[in-house]
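These notes are about the structure you will find just below.
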Number of protein chains: 2
Amino acid sequence: MWQNATIHYFCNVDFQEFITQGEKKYLPNLSVDMVIIGFHEDKLKCLLLQINEKWLLPGGYILRTESIESATVRILRERTGLPDPHFKFLSVFGGPDRKFTKEWQHFLKSHNLPFKEDSWINDRFVTLAHYSLVDFEKTNPVVGNLDEAFAWFNLDELPNMWMDHKEIVLAAKERLKNDIQKEQVTYNLLPTEFTMPQLHQLHQTILDENLDRSRFQKKMLASGAFERLQKLKKDSPGRNPYKYRVKKS
Amino acid sequence: MWQNATIHYFCNVDFQEFITQGEKKYLPNLSVDMVIIGFHEDKLKCLLLQINEKWLLPGGYILRTESIESATVRILRERTGLPDPHFKFLSVFGGPDRKFTKEWQHFLKSHNLPFKEDSWINDRFVTLAHYSLVDFEKTNPVVGNLDEAFAWFNLDELPNMWMDHKEIVLAAKERLKNDIQKEQVTYNLLPTEFTMPQLHQLHQTILDENLDRSRFQKKMLASGAFERLQKLKKDSPGRNPYKYRVKKS
DNA sequence: ACAAAAGTGTTTAAGGTACACCCATGA
DNA sequence: TCATGGGTGTACCTTAAACACTTTTGT
């Protein structure tokens, strides 16, 4: 179901500081959540973190001194190890009942920590959801202070998740379908050197439909966005495909 | 430069309540701003409010008990009188220095009210910018408690505005260009019954380019989104155009 | 030799573009 | 009857779609 799940050794001291200092350090009632999407074995994968059985999106809060973009980059770097991660704004989620009171209560109980109803983390949160397309192979996920593990989930086999986090993932999935048609952004999901069959498969997976191989190739090449490199040596039967790279303009 | 400018009689009592109660009533550090766009005399117009010489977007704060959508609708209704206004999320603006300290200080000074540096309205604000397309003729703008006047400005002749509000308007203008191509949303800018030449002119104005008359008409009719009504009686020379209405499906 | 995989070509349909033509109306 | 504005038609080009064909590779 997931790979590279990592055990996390929870630190009470860090958490206490998070609770007591957070209210001053961060903008209240506002969070950033990241749908981090990778592509592996012909499937779209989403990076999730585990807290108390349930899973949630990587995310965080906005320092009073930083912009939303800075916060997003900071959070992404912390969780993926990527120095210059791709990301794009997705949507705002902010219903009046969007509170994580129960989740935090459960978490604190399981760690024998005192629960305070009026703590800032129990207040209503408006979240700025983003999505990030990453190269699965280059991504080295790291859990946060509170997380027990991380895992890559298939986008169509999501686990039990916090609050509306599953809804956010599905919104990102739909958004990708729209964005892929126009923007080059999608190539972040592949290594810098890739073959047309790989790109073809990626598009088919994202759009969840079969695309004519011939037309796809011609369309991509006609766009002029790629440069052809040497051929790839395969072990499997069949012709060796060319490798391509996104043209740097 | 503007029309229907309305004098506002400022009420100290209302403002005091706004300052003292606002911190409890509203989500802190978060606002909603609206780019309200109308179409009049072949020009796109934007509804702005005046406070102390400078102009700003209609906007407001989010009640702790309401969703962002509710807040947006509430603010729109208050300012336009429209019962069921169109709106669409535009973008988040939230740089670390996005504070209106100077503007409020100026405002308070001019009304002989005490200025408090640590008031919640002087803190950093992340704003959720939306745009709304309205029928110019049906819109009855109403100023807010603090505003001196309202006015419709041409989108390409914007006045001196608060902070990044001009940037937000220009973002909406660009966004319209993208949205008009796919969505029927744009017809909110016209009366329910309109002619093809009117729609043609609207599209040309939004896209800021000439569109082939013949092709435009055929494309619109081929979309099947419109139903033809009786002809319009004109006083000017030339053939009488048909009126159309968006098909209710 | 054969199957599998990758690359290219061909035919047809649909839609975009530019422009020409025709119709209705007021002065 | 002429200028003006509105509606429709046509020829040309580009792109989409479906499918066929060819080349390269491992077995």
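Predicted model only: the values in this text are computed from it and were never measured. Quick note on labels: first sequence line is chain A, next is B, and so on, each numbered from 1.
B:Gln204 places its CD atom 14 Å from the P atom of D:dG5, with the value rounded to the nearest Å. Atom OH of A:Tyr242 is separated from atom C1' of C:dT8 by 11 Å (rounded to the nearest Å). If you measure from atom CD of A:Gln230 to atom P of D:dT24, you get 18 Å, rounded to the nearest angstrom. If you take CG of B:Leu199 and P of D:dG5, they are 19 Å apart, rounded to a whole angstrom. When rounded to the nearest whole Å, the span between CG of A:Leu232 and P of D:dT24 equals 16 Å. Taking atom NZ of B:Lys243 as the reference point, atom C1' of D:dG6 lies 16 Å away to the nearest angstrom. The CZ-C1' distance, from B:Phe216 to C:dC19, rounds to 18 Å in whole Å. Going from atom CZ of B:Arg213 over to atom C1' of C:dA20 covers 11 Å, rounded to whole Å.
Atom CD of B:Glu41 and atom CZ of B:Phe136 lie 7.5 Å apart (nearest 0.5 Å). Note that CG of A:Leu56 is 5.5 Å distant from CG of A:Leu49, once rounded to the nearest 0.5 Å.
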Could you run down the sub-3.5 Å N/O contacts of the protein with nucleotides 25-27 of chain D?
from   : atom 1 : to       : atom 2 : distance (Å)
D:dT25 : OP1    : A:Asn240 : ND2    : 3.3
D:dT25 : O4'    : A:Gly238 : O      : 3.4
D:dT25 : O2     : A:Gly238 : N      : 2.9

So which protein N/O to nucleotides 13-15 of chain D N/O distances come out below 3.5 Å?
none

Return the polar atom pairs (N/O with N/O) between nucleotides 12-18 of chain C and the protein under 3.5 Å, or none.
from   : atom 1 : to       : atom 2 : distance (Å)
C:dT17 : OP2    : B:Arg215 : NH1    : 2.5

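In summary, A:Lys177 and A:Asp208 do not engage in a salt bridge, as defined by a charged side-chain N under 4.0 Å from a carboxylate O. Contact check on A:Lys88 versus A:Asp179 returns a salt bridge, with a Lys/Arg side-chain nitrogen under 4.0 Å from an Asp/Glu carboxylate oxygen.
Side chain to side chain, A:Lys45 and A:Asn154 meet the donor-acceptor criterion of an N or O pair below 3.5 Å.
Note on residues 216-231 of chain A: pairs passing salt bridge (charged side-chain N to carboxylate O under 4.0 Å, His left out), not counting sequence neighbours, are A:Glu227-A:Arg245. Residue pairs meeting the salt bridge (charged side-chain N to carboxylate O under 4.0 Å, His left out) criterion with at least one member in residues 158-167 of chain A, sequence neighbours excluded: A:Arg98-A:Asp164.
B:Glu148 places a side-chain N or O within 3.5 Å of a backbone atom of B:Asn52 that can act as its donor or acceptor partner. Looking only at distances, no side-chain donor or acceptor of B:His86 sits under 3.5 Å from a matching main-chain atom of B:Ser132. Looking at A:Arg79, its side chain does come within 3.5 Å of a backbone N or O of A:Val142 through a donor-acceptor pair.
Shown here are the side-chain hydrogen bond (donor to acceptor under 3.5 Å, both in side chains) partners of B:Arg74, two or more places apart in sequence or in another chain: B:Glu66.
The phosphate of C:dT8 has OP1 or OP2 within less than 4.0 Å of a side-chain N or O from A:Gln217.
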